[in-house]
Asks: 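For reference, the structure I am asking about is given below.
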Amino acid sequence: MSSTVENVRRLAQSVIGEVTKVVYGLERELKIILASMIVGGHVLLEGIPGVAKTTMAKAIASSLQLSFSRIQFTPDLLPSDIIGTMVFDQKSAEFRLRKGPIFANIILADEINRASPRTQSALLEAMQERQVTIEGNTLRLPEPFLVIATMNPIEMEGTFPLPEAQLDRFLVKVVIEMPGKETLSTVLDNLRRIYEWPVQKAATGEDILAAREAIWDVEVKPEVKDYIIDLVLTSHKMEGVRLGGSPRAAIALLQLSRALAAIDGRDYVIPDDVKEAARYVLPHRIILSPEAEAEGLNPHSIVEKLLQRVKVPVP
């Protein structure tokens, strides 16, 4: 194992160790979010209110001492409320730039599907290009830059569906389930500790950027690369699927698999890394036909069938 990969493993252990002081029962989800951040991808969280989505985002920012902004998406939110605008300064008789909350390392876009499509589109340039344009001025966003967007699966009134182009810009979609009895008991037993916020600095933004560079040293053998390609191409041929994974999905599978391997302390990707990545990379990119939806199929079940259908490479 190379020293650079070992550094990634230690980084992940340190950050997850701090975040789990206030977030319980979500170690696997934290691993996926951290891996996404390492490769520079954004995260879409889905879960009912109160399952620690905001706490998790704040804890990750605290453990890395990164700037954090929370944007509450509402139907009347405007693009300028996110990226900023030019305001007239009466003292100097000049227009000055007032930056919006998008200028932070970690952005929590809470209930993103409550805003209008026009406002949602304000995030597209930021998420893809790491920059925003205000009154013709292009401004770079800080690095690392991570958007964690939340969606509520049960409140459908007053929501707008995310367009496919925006969904595709999220590296992964993570579903936060309702905690079980044991986890909920742990939360209640540690409530005072959570309120006291014991999260300490475990690493820096520079460590994340160094880890991003380090994962290029993680080897992906030709047969594993072909496995990724077969998964993406076969996703278009699955019964009930109107649209499968895009080329961006293949890139996401490759890079997330590298990050997961490095977090586990390996400098090479195995098929199990790809399988784990596929369960988070592919479901939100699969669009079902109306007939499949009427039959009760869902993208997660399609991905499980896909993983069973595509032949796994044998070393």
Side-chain angles (χ1 to χ4, degrees), residues 1-20 27-43 56-57 59-68 104-107 127-131 140-148 169-172 174 199-229 247-281 313 315:
M1 178 170 57
S2 68
S3 59
T4 53
V5 170
E6 173 64 15
N7 290 340
V8 177
R9 186 185 70 83
R10 290 177 180 174
L11 166 69
Q13 285 184 338
S14 298
V15 172
I16 292 175
E18 287 298 320
V19 175
T20 50
E27 287 80 5
R28 183 180 182 186
E29 288 81 0
L30 282 171
K31 178 182 175 183
I32 294 296
I33 293 172
L34 186 57
S36 300
M37 188 175 191
I38 288 173
V39 303
H42 306 290
V43 178
M56 185 159 45
I60 292 172
S62 295
S63 69
L64 296 167
Q65 286 198 342
L66 297 175
S67 56
F68 172 80
N105 295 113
I106 297 181
I107 309 297
M127 293 172 66
Q128 184 64 24
E129 307 295 336
R130 265 54 175 188
Q131 66 183 31
R140 297 294 300 176
L141 294 169
E143 284 286 2
F145 177 72
L146 172 68
V147 173
I148 300 178
R169 279 169 170 74
F170 287 100
L171 185 84
V172 297
V174 180
V199 181
Q200 301 293 320
K201 176 183 175 182
T204 66
E206 287 72 21
D207 294 327
I208 290 290
L209 297 178
R212 187 174 301 174
E213 187 66 27
I215 64 165
W216 291 107
D217 294 333
V218 178
E219 180 185 10
V220 182
K221 294 183 177 179
E223 57 268 26
V224 176
K225 184 190 73 173
D226 288 341
Y227 180 50
I228 291 172
I229 294 171
R248 189 182 280 124
I251 295 171
L253 275 176
L254 178 68
Q255 294 300 83
L256 189 64
S257 297
R258 278 183 162 136
L260 292 174
I263 288 174
D264 286 343
R266 282 179 282 102
D267 57 5
Y268 57 91
V269 172
I270 61 176
D272 282 348
D273 296 323
V274 179
K275 286 183 176 181
E276 185 176 10
R279 292 185 170 97
Y280 296 93
V281 167

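In this text, all values refer to a predicted model and were calculated from it rather than measured experimentally. Excluded from the calculations below are hydrogen atoms, water molecules and symmetry mates; all remaining heavy atoms, backbone and side chain alike, are included.
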Asks: Evaluate the criterion side-chain contact (heavy atoms from CB on, under 4.5 Å) for residue pair Ile263 and Val8; output intermediate values, then yes/no.
Replies: CA-CA 6 Å; Ile263 288 174; Val8 177; 4.2 Å; yes
Asks: To the nearest 0.5 Å, what is the distance between CE (Met127) and CZ (Arg169)?
Replies: 8.0 Å
Asks: Side-chain contact test, heavy atoms from C-beta onward, threshold under 4.5 Å: evaluate it for Leu146 versus Val43 and give yes or no.
Replies: yes
Asks: Going by atom type alone, with no hydrogens or angles, which donor-acceptor pairs under 3.5 Å involve a side-chain atom of residues 208-216 and a protein atom two or more places apart or on another chain?
Replies:
residue : atom : partner : partner atom : Å
Arg212  : NE   : Ile38   : O            : 2.9
Arg212  : NH1  : Glu143  : OE1          : 3.4
Arg212  : NH2  : Met37   : O            : 3.1

Asks: Minimum heavy-atom separation for Ala249 and Val281, please, with both atom names.
Replies: O-CG1, 3.7 Å
Asks: Which value, rounded to the nearest 0.5 Å, describes the distance between Leu64 atom CG and Asn105 atom CG?
Replies: 9.0 Å
Asks: Got a second to check how far Asp273's CG is from Leu256's CG, nearest 0.5 Å?
Replies: 9.0 Å
Asks: Could you report the tightest heavy-atom contact between Val199 and Ala59, atom names first, then the distance?
Replies: CG1-O, 3.7 Å
Asks: Could you give the distance from OG (Ser62) to CD (Gln200), rounded to the nearest 0.5 Å?
Replies: 9.5 Å
Asks: Are the side chains of Leu30 and Ile60 in touch, meaning some heavy atoms are under 4.5 Å apart?
Replies: yes
Asks: If you look at every heavy atom in Gly41 and Leu171, which pair is closest and at what distance?
Replies: CA-CB, 3.8 Å
Asks: Is any side-chain heavy atom of Ile106 closer than 4.5 Å to one of Ser67?
Replies: no
Asks: Considering only heavy atoms from C-beta outward, does the side chain of Asn7 approach that of Leu11 to under 4.5 Å?
Replies: no
Asks: Just so I know, are the side chains of Pro144 and Leu66 near enough to count as touching, which here means a heavy-atom distance under 4.5 Å?
Replies: yes
Asks: Using the test side-chain hydrogen bond (donor to acceptor under 3.5 Å, both in side chains), find all partners of Glu276 that sit at least two apart in sequence or belong to another chain.
Replies: none
Asks: With the side chain counted from C-beta on, respond yes when Ile33 and Met56 share a heavy-atom pair under 4.5 Å apart, and no when they do not.
Replies: yes
Asks: Say you draw a straight line from CZ of Arg140 to CD of Gln131; how long is it, rounded to the nearest 0.5 Å?
Replies: 5.5 Å
Asks: List the steps, then state whether side-chain contact (heavy atoms from CB on, under 4.5 Å) holds for Arg28 with Tyr280.
Replies: CA-CA 11 Å; Arg28 183 180 182 186; Tyr280 296 93; 3.2 Å; yes
Asks: Which atom names give the shortest non-hydrogen contact between Ile32 and Leu260, and what distance separates them?
Replies: CD1-CD2, 4.0 Å
Asks: Identify the two heavy atoms, one from Leu34 and one from Ala12, that lie closest to each other, and give their separation to 0.1 Å.
Replies: CD2-CA, 3.4 Å
Asks: Is the shortest side-chain N to carboxylate O distance from Lys31 to Glu27 below 4.0 Å?
Replies: no
Asks: Hey, what do you get for CZ (Arg266) to CD1 (Ile270), rounding to the nearest 0.5 Å?
Replies: 4.0 Å
Asks: What I want to find out is whether Asp217 reaches Arg258 closely enough, with some N-O distance under 4.0 Å, to be called a salt bridge.
Replies: no
Asks: If every non-hydrogen atom of Ala61 is compared with every non-hydrogen atom of Phe68, which pair is closest and at what distance?
Replies: CB-CB, 3.9 Å
Asks: Taking ring pair (Phe, Tyr, Trp, His ring centres under 6.0 Å) as the test, write out the residues that go with Phe145, two or more places apart.
Replies: His42
